[in-house]
Amino acid sequence: MEGKKSPGGAASPALAGGGDGGGDGGGDGGDSRACVSDHKYNSLSQFLSRSFTITTVPFYLSKFIETLSHTQDKAKKNKNKMSKYNKLQGTRVLVIGGTSGIGYAVAEAALESGATVYVSSSSQAKVDAAVARLREHAEVVQREPLAADGRACDLGNVAAAEANLVSLLGWATDGRSSLLDHVVFTAGDALDRTPLGEATGEGILAGFHVRVVAAVLLAKLLPQFAARSNRTSYTLTGGSLTARPAPGLGLVTGIGAAVEGYARGLAVDLRPIRVNVVQAGAVRTPLLGDNPEVLARFARDTITGTVGRPEEIAEAYLYLMKDSFITAAVIESSGGRTVGASQEVSEFN
């Protein structure tokens with residue numbers, strides 16, 4: 001801490017027990033040495049702001065260099081300790097479907113963990129709004145605003161989906177010069193609840209376009225745009241209906257089952273890149289809505305008696321990114337719905 005100016009005009013540090021350090025800088029040698037050993041000089045400018053005699057400069061200079069070296073070594077050790085568990089620090093994460101709901105929460109959580117985050121959805125307006133929110137959050141958690149960015153990618157058109165994904169991946173990797181470390185797929189349009197008796201071939205296939213076909217096409221492209229390592233991950237999104245189907249929703253159940261089946265096969269084909277699935281229950285998202293009666297029915301269908309929140313289930317995705325020993329796995333976050341706290345009430349009835 002800098003003290004007041006001495007009468008001679010030179011700045012003098014305010015030192016505990018050291019009295020006024022101004023004047024010609026001579027003073028008592030013991031007091032001066034104590035000041036240095038207490039690391040009162042935190043910068044070179046503070047060190048040079050004091051006057052020294054020609055005979056004391058070498059001593060103080062060596063002490064300053066010793067202190068600076070000690071500080072740098074300590075900072076390096078602390079950084080190494082942090083990286084042991086803060087495994088997303090410095091990584092590049094792409095979240096497809098990352099502009100709202102679970103996907104946005106995953107992007108926000110990865111940003112907080114030190115990752116550079118890219119989000120995508122079919123609407124550029126939604127992408128721009130999500131990026132603005134992420135950059136505001138980045139400032140709150142003391143990250144650079146540019147640690148978040150986004151770009152639209154339409155996956156609903158099966159014929160153009162692969163080309164659109166190539167464009168997105170090329171942008172997110174700066175033309176493959178900076179490979180991705182983690183990719184999360186939470187994209188999906190509204191679930192079609194057409195009863196089995198009214199199903200058509202075209203309608204059945206339409207339900208697979210985004211959630212399955214686009215996800216598999218992305219897996220096909222991933223080796224070109226992601227680091228080939230077991231530290232790299234690709235995480236898909238399924239649903240609790242796969243484990244506990246509900247009456248009248250067999251078609252929707254099949255989509256979730258396809259996601260889990262593909263994930264296991266892709267984990268083999270993409271190795272060492274890891275592929276996993278988060279099996280989600282009812283989560284408060286725009287897709288679910290906010291009708292109190294509907295939410296209460298969802299809550300009764302769980303052991304926890306609650307409906308999930310995006311920031312809760314986002315932790316499952318972060319775990320799958322961080323654990324380099326897990327692949328071909330399904331992580332359930334559904335409040336215990338697959339066991340069922342109330343068997344006579346289904347969350348989708």
Side-chain angles (χ1 to χ4, degrees), residues 94-103 119-124 126-127 151-169 183-225 234-270 275-283 285-289 328 330 332 334 338 346-349:
L94 171 64
V95 184
I96 297 181
T99 59
S100 64
I102 294 172
V119 297
S120 180
S121 76
S122 59
S123 167
Q124 188 61 49
K126 290 183 179 180
V127 169
R151 182 171 177 173
C153 180
D154 180 15
L155 301 177
N157 183 346
V158 175
E162 183 170 355
N164 292 341
L165 283 168
V166 169
S167 178
L168 174 68
L169 292 168
V183 177
V184 173
F185 195 97
T186 64
D189 42 17
L191 293 170
D192 183 4
R193 302 188 181 190
T194 302
L196 180 60
E198 301 174 14
T200 65
E202 184 180 351
I204 294 171
L205 292 174
F208 286 79
H209 285 174
V210 175
R211 298 173 186 269
V212 180
V213 176
V216 175
L217 288 174
L218 177 56
K220 169 190 173 181
L221 299 170
L222 209 53
Q224 304 174 47
F225 298 94
Y234 180 33
T235 306
L236 304 175
T237 304
S240 62
L241 279 175
T242 303
R244 183 187 164 201
L249 289 169
L251 300 183
V252 175
T253 300
I255 296 173
V259 170
E260 292 187 14
Y262 270 116
R264 292 187 177 95
L266 294 173
V268 176
D269 288 343
L270 290 179
V275 184
N276 298 288
V277 180
V278 173
Q279 189 184 93
V283 181
T285 66
L287 199 61
L288 183 64
V330 178
E332 178 193 350
S334 67
T338 54
S346 168
E347 69 184 29
F348 289 103
N349 287 345

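The chain is numbered in sequence order, starting from 1.
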- Arg151 CZ to Leu169 CG distance, which is reported to the nearest 0.5 Å: 10.5 Å
- Might you point out which heavy atoms bring Ala152 and Gln124 nearest each other, and give the distance in Å? N-OE1, 3.0 Å
- Message: Tell me every residue that passes side chain to side chain donor-acceptor pair (under 3.5 Å) with Thr235, counting only those two or more places apart in sequence or in another chain.
- Response: none
- Message: Taking atom CZ as the centre, does Phe225 end up with more than 12 heavy-atom neighbours from other residues, nucleotides or ligands that are less than 6.0 angstrom away?
- Response: yes
- Residues in side-chain contact (heavy atoms from CB on, under 4.5 Å) with Glu332, at least two apart? Gln279, Ser334, Thr338
- First locate atom NE2 of His209, then atom CD1 of Ile255, and finally report the distance between them rounded to the nearest 0.5 Å. 10.5 Å
- Looking at Val95 and Thr186, what are the two nearest heavy atoms and their distance? CG1-OG1, 4.3 Å
- Item | Rounded distance (nearest 0.5 Å) linking atom CG of Leu222 with atom CG of Leu218 | 5.5 Å
- Message: With rounding to the nearest 0.5 angstrom, report the CZ to CG distance, Arg264 to Asn276.
- Response: 10.0 Å
- Item | Ser120 to Leu168 - nearest heavy-atom pair and separation | OG-CD2, 3.7 Å
- Message: Go through it in stages, so that I can follow the logic: the residues are Ile96 and Leu165, the test is side chain to side chain contact (heavy atoms under 4.5 Å, CB included), and I'd like the CA-CA distance, side-chain angles, deciding distance and then a yes or no.
- Response: CA-CA 10 Å; Ile96 297 181; Leu165 283 168; 4.1 Å; yes
- Nearest heavy-atom neighbours spanning Leu236 and Ala263: CD1-CB, 4.0 Å
- Task: Of all the heavy-atom pairs spanning Val259 and Arg211, show the shortest one and how long it is.
- Result: CG2-O, 3.8 Å
- Donor-acceptor pair, Tyr234 side chain versus Ala215 backbone, under 3.5 Å? yes
- Task: Please name all residues satisfying side chain to side chain donor-acceptor pair (under 3.5 Å) with Thr194, sequence neighbours left out, ordered by chain then number.
- Result: Asp192
- Task: Give the minimum heavy-atom separation between Ala161 and Leu155, together with the two atoms involved.
- Result: CB-O, 4.2 Å
